[in-house]
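What's counted below: heavy atoms across the whole structure, side chains too, no hydrogens, waters or symmetry copies.
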Amino acid sequence: MNEPVLIANRYALLSRLGVGGMGEVWRADDRLTNQTVAIKVLRPSIAGAPAAELRFQREIQAMVRLNHPRVVPIIDAGADPRVGLFFVMALQRGRPLHEAGKQWSDWRQMWPIVDQVLETLAHAHAHAVIHRDIKPDNILIDQYGEAILLDFGVARLRDQARSGTSAYDMLGTVDYAAPEQATGSRRRIGPWTDLYCFGIVLYEIICGRLPFWASSPVQSLMIRLDNSCPPLDPRPGFVTPEGLWEVLDRMMQPEPFDRFRHAADARAAFAALVDGPFEQLTPGVEQSIDLAVDDDLRESHTDSEGADLLATRQARYAQAEDGAPVRKPLEAPLRTTTLVGRDHLLLQLSRGLDRWRQNPQPGVLVLCGDRGSGKTRLSLELTSPFMAQGDIDGHRHRWRVGATMRETALSIAGAIGLEDTQTRDHVDWWLKGHGLEDPNVRRKIVDWTRGRLEHLPSDAQGRLFAEFMKCATRERPFVLTLDGMEAIDDEILALVYAVRAHRLRVIVLITVTRPETAPGLPTPGWLKAATRVLGPLDEEALFRIVDELVELPYAEKVELVREAGGNPKTLLSKLYRMRRVGDIVPAWPRWRQAPPDWLPPIDDEEASLVMVSSIITDFDGEPY
């Protein structure tokens, strides 16, 4: 028997579990921890392509954001000359949804799974992650009856202007794609897109067939552009609640803004059906269903066939790469499950936000602290639970991407970086979808977002921004996070003034290094009362972070805490450095000390200096 391919000096590839449009997932043996893991690599035909590698990195970013029990955790990531970029996940065993769904004959049996998937999607959307490939194969039912969401390979990060290139952005899977995916309208993709795809999945489980059947995929997509959910024709004997079709129909409307806009809304609509009357629309028949599925879900092949498959894969990868080494390795993620050391402040702010959303008024919150002190993560941990529950809407705008009110509006509408004509059409679509019927007001806001009214004075631009934000707050109060600035500038002052002057149901949440205005600007009266300072963490909090992330001797923990100087980002940077030199290795659930003879997989010093911020931190250099 041939020796297995060894990745990063530790992961022995055993068998291929599955193949997708861009990647392959392999079952592997971790030689350092003796654990069986799953490892994802790019397909040889696209390995080395910049667009494919960018998408691969985006998948890691998306999964790292989602610290959720029904999203597979990432253990390790990197690059290896045998396969290119890779990342390692905990191995999940179970059955794909289409197999598990065969045994259901009553909506009440599948409802818990439906609710779990929607809850996970709500969590993802609250963290600005749109999955874009919801289908039965990407929902795994484990041995405990939990629905695990898989494969974020084409996920979009809504708070980033680009999530890859158009070659990989048009579609998820054709049979389950929403109209805006079918037409390539990437900027119109949002939470409603995942809900549309999930509606198709549910229809298929209930009826035993796809809702939009046609002789070709293109014809099926064309049907979706003009038609919503067809009448329910459940499988023989399947019991459904009255009103189910109405909920599915709203999920599968051709126009995105005619659908549920939040997963929480769909959850509530489905939950309301459970206690209502049920009906059996088609008579039952005796049937036997074979549910036997290999828990590993791997392809069946012998050891020699597996060796041949690996050899073929390596040959194709070498041909695609032409021998060029991978120069930008990925890093394994380090992230605490809780916001250690800021717990009390988070609790206080959460209570305040809960009171505010019941009686929303204009507000400002300023989180101030050094880089790496946790400002960005605190803002996310504060707002995301309320967004996932559908209590508020929100958006995070990176100030360095566009430091004006106008660019903030473009960011909220998802129009940053578009060409002029595209901006015009997209912003007009967004305003219509958010209930702005007056064409004159719409045209003026559109012209402003296109940069054609920049000659207007600040207060006039503030009025246009306020009209825009009235649309954003039409259904729910709104938390607008302006992230990553050094000091409060004149655009921030004008924006806050517009929110307060027009009595908008908006909290402006600002993360800033210094709690002061830029030179030459007056200090506003609200600044002092609105500011919460994130000072250095004490030693106890830093020890808690270390204990949660890595197994180390006490003396090394003491040295790490001392060198961190109260800054969690500094602490994580030192842990990454220890990993690069081979002192510690990624493992699940905590990193651990490397064996004495362990050699780190990255030898090139220049490559080893590529910091994790480009892949993992994602939030302006604040992974903590």
Decide whether [X] and [Y] meet the rule of one side-chain donor and one side-chain acceptor closer than 3.5 Å.
X    : Y    : answer
R70  : T120 : yes
S411 : H395 : yes
H397 : D483 : no
E119 : H68  : yes
H262 : D393 : yes

Please name the pair of heavy atoms, one in [X] and one in [Y], separated by the smallest distance, quoted to 0.1 Å.
X    : Y    : result
F270 : L248 : CZ-CD2, 4.0 Å
S379 : L509 : CB-CD2, 3.7 Å
A126 : M387 : CB-CB, 3.9 Å
V72  : I148 : CG2-CG2, 3.7 Å
E491 : T404 : OE1-CA, 3.4 Å
E407 : I416 : O-CD1, 3.5 Å

Starting from the C-alpha separation in whole Å, work towards a yes-or-no answer on side-chain hydrogen bond (donor to acceptor under 3.5 Å, both in side chains) for Y196 and Q253.
CA-CA 8 Å; Y196 186 102; Q253 288 293 315; over 6 Å; no
T423 vs R450, test: side-chain hydrogen bond (donor to acceptor under 3.5 Å, both in side chains). Steps then yes/no.
CA-CA 7 Å; T423 298; R450 295 166 71 191; over 6 Å; no
For a 4.5 angstrom cut-off between non-hydrogen side-chain atoms, does [X] reach [Y]?
X    : Y    : answer
L121 : I134 : yes
W104 : I206 : no
Q358 : D391 : no

I'd like to know whether Q181 forms a side-chain hydrogen bond (donor to acceptor under 3.5 Å, both in side chains) with T193, so could you lay out the CA-CA distance, the side-chain angles of the two residues, the decisive distance to 0.1 Å, and finally the verdict.
CA-CA 8 Å; Q181 293 175 283; T193 305; 5.7 Å; no
Can you sort out the partners of D258 under salt bridge (charged side-chain N to carboxylate O under 4.0 Å, His left out), two or more places apart, ordered by chain and number?
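For D258 there are no salt bridge (charged side-chain N to carboxylate O under 4.0 Å, His left out) partners, ignoring immediate neighbours.
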Quick check on the 6.0 Å ring-centre criterion: do [X] and [Y] meet it?
X    : Y    : answer
W356 : F386 : no
F198 : Y176 : no
W429 : F257 : yes
H434 : W430 : yes

Using the ring of each side chain (for Trp, its six-membered ring), is F468 parallel, tilted or perpendicular to F465, with breaks at 30° and 60°?
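Ring orientation of F468 relative to F465: parallel.
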R267: what forms a side chain to side chain donor-acceptor pair (under 3.5 Å) with it, not counting sequence neighbours?
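For R267 the side chain to side chain donor-acceptor pair (under 3.5 Å) partners, ignoring immediate neighbours, are D115.
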Going through the distances and angles, do W26 and F86 end up as a ring-ring contact (aromatic ring centres under 6.0 Å, His included)?
CA-CA 11 Å; W26 289 73; F86 71 88; over 10 Å; no
Check against side-chain contact (heavy atoms from CB on, under 4.5 Å), T408 and W399:
CA-CA 8 Å; T408 300; W399 200 239; 3.4 Å; yes
Between D133 (side chain) and T173 (backbone), is there a donor-acceptor pair under 3.5 Å?
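A pair under 3.5 Å: yes.
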Please assess L365 against L382 for the test side-chain contact (heavy atoms from CB on, under 4.5 Å), listing each intermediate value before the final yes or no.
CA-CA 12 Å; L365 173 62; L382 172 63; 4.0 Å; yes
Just do the side-chain contact (heavy atoms from CB on, under 4.5 Å) check on E242 and L273 with the steps written out, would you?
CA-CA 7 Å; E242 291 185 6; L273 302 178; over 6 Å; no
